[in-house]
Number of protein chains: 2
Amino acid sequence: MPPRPRLNEQLLIEEAIVLIDREGPQGLSLATLAAKLGVKPPSLYNHVQGLPGLERALTLRGLEELSKALRDAAVGRAGSDALRAIAHAYRTFAKQHPGLYAMTQRSQEGRDEEIQAAAWQAVEVVLRVLEAFDLKGDEAIHATRCLRSALHGFVTLEATEGFGLSLEIDASFEKLLTMVDGGLRAAFSS
Amino acid sequence: MPPRPRLNEQLLIEEAIVLIDREGPQGLSLATLAAKLGVKPPSLYNHVQGLPGLERALTLRGLEELSKALRDAAVGRAGSDALRAIAHAYRTFAKQHPGLYAMTQRSQEGRDEEIQAAAWQAVEVVLRVLEAFDLKGDEAIHATRCLRSALHGFVTLEATEGFGLSLEIDASFEKLLTMVDGGLRAAFSS
DNA sequence: GTAAAATGACTAATAGTATTAGTTTTGTCA
DNA sequence: TGACAAAACTAATACTATTAGTCATTTTAC
């Protein structure tokens, strides 16, 4: 067998996550990552396919972890209870891993099957929660888009300091959930 | 007086807007912009302060145009009518100028007074519209954050193809507006 | 009308990035 | 111990932004 690697893809990605969560996706470069790992930039090509390959791996990892967080939050809950649980899990994930979360929201055009499947995993959790609202078919799709819009918009604005003064943001989030909970029922009362 | 310039900041920014609306903010580089303008990269430094200066100018321009679009949409309207009007204006702007819109949503930390003031201009339009919902003080702030979250989230997901199949997106937006309109009244009934 | 000054575009050079090719080192197994 | 495989390295290329310094041009002032 070949010699045991001093560095592997897992370790590389872990370090990259630390980097983007601290500096943002913009701050990710093979040069800085290699320096962090005590290695020269070309060595990274033995483990990932360049910068695009690394970004893809991070996107996939982010989608997987987000899905997991949502699934864990939804288990054993239903209705408004489940909705609020996954909403809080969504926001918590975005706050704990701002860089990784940002990776999951990059343009999806030209994405391969694996990425699209991972993205669908996360959407599916939301869809199932909304089924408890008696939503099916197109209505469920619309409602899912509404919920995702509200959540994604909120956590993004929070992350970019878009809300200005950071006071009372928790309270704003609770208001958002009340709005969505009530609004979904109102907009989709069949 | 000095000689008339062959190139000026206005022209430069117009071309940069075309570039980012087509390629995204990532695709903006002084090299490609200079090539578009038939000039060598160092010449751009006579008109903007490097790439950071150009990005700042684009952010400012985006905020100004967004504010203007929202103001124009809100004039002469009130209540749900005004809410839907600025929502559609918001989405239209984001679709017509995806790159410029993205510039307005970059991290606000370390932004100067002028940028913050321009950002406030846009928020203020929303705030005034929500005053017609009998919201004041903290409640109006929370409601504004909710509305901005929903709008920003929707147009961002739409821009990144985050919704998957592009069918029925107009219908989803109408549902979102119904949800927000109804949800705001429910969440903020004092 | 002509000279001076201001301005913008240029060339050249530097430093940083990703990437590829080719070489060397190193760990594991026969 | 020696051969192999994998991963690290060095060197080189091509792109980025940026700065310094030079040249050309145009406007202004005399």
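Throughout, a chain's letter reflects where its sequence line sits, starting with A, and its residues are numbered from 1.
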Qualifying residues under ring pair (Phe, Tyr, Trp, His ring centres under 6.0 Å), relative to B:Phe133, sequence neighbours excluded: none
Donor-acceptor pair under 3.5 Å, A:Asn46 side chain vs D:dA8 base: yes
For atom CG of A:Asn8 and atom P of D:dA6, their distance in whole Å: 15 Å
Salt bridge (charged side-chain N to carboxylate O under 4.0 Å, His left out) pairs, two or more places apart, involving residues 17-44 of chain A: none
Distance in angstrom units between A:Leu44 CG and D:dT10 C1', rounded: 15 Å
Qualifying salt bridge (charged side-chain N to carboxylate O under 4.0 Å, His left out) pairs with a residue from residues 69-91 of chain A, counting only residues at least two apart or across chains: A:Lys68-A:Asp72, A:Arg77-A:Asp81, A:Arg84-A:Glu174, A:Arg91-A:Glu158, A:Arg91-A:Asp170
Footprint string (nucleotides 12-19 of chain D, 5' to 3'): B base within contact, S backbone only, - free, heavy atoms under 4.0 Å: ----SSBB
Atom-pair distance (CG on A:Leu54; P on C:dA18), nearest Å: 10 Å
Length of the CD-P vector between A:Gln26 and C:dA18, whole Å: 13 Å
B:His47 side-chain N/O to C:dT7 phosphate OP1/OP2 under 4.0 Å: no
Donor-acceptor under 3.5 Å (B:Arg148 side chain, A:Gly162 main chain): yes
Qualifying salt bridge (charged side-chain N to carboxylate O under 4.0 Å, His left out) pairs, either residue in residues 47-64 of chain A, two or more places apart: A:Glu14-A:Arg61, A:Glu55-A:Arg106, A:Arg56-A:Asp112, A:Arg56-A:Glu114, A:Arg61-A:Glu65
Atom-to-atom span, CG of B:Leu12 to C1' of C:dA9 - whole angstrom: 13 Å
Phosphate OP1/OP2 of D:dA7 contacted by A:Ser43 side-chain N/O (<4.0 Å): no
Any residue meeting ring pair (Phe, Tyr, Trp, His ring centres under 6.0 Å) with A:Tyr90, in chain and number order, not counting sequence neighbours: A:Tyr101
Rounded interatomic separation in angstrom, taking CD from A:Glu9 and P from D:dA8: 13 Å
Whole-Å distance separating the NZ atom of B:Lys40 from the P atom of C:dT11: 6 Å
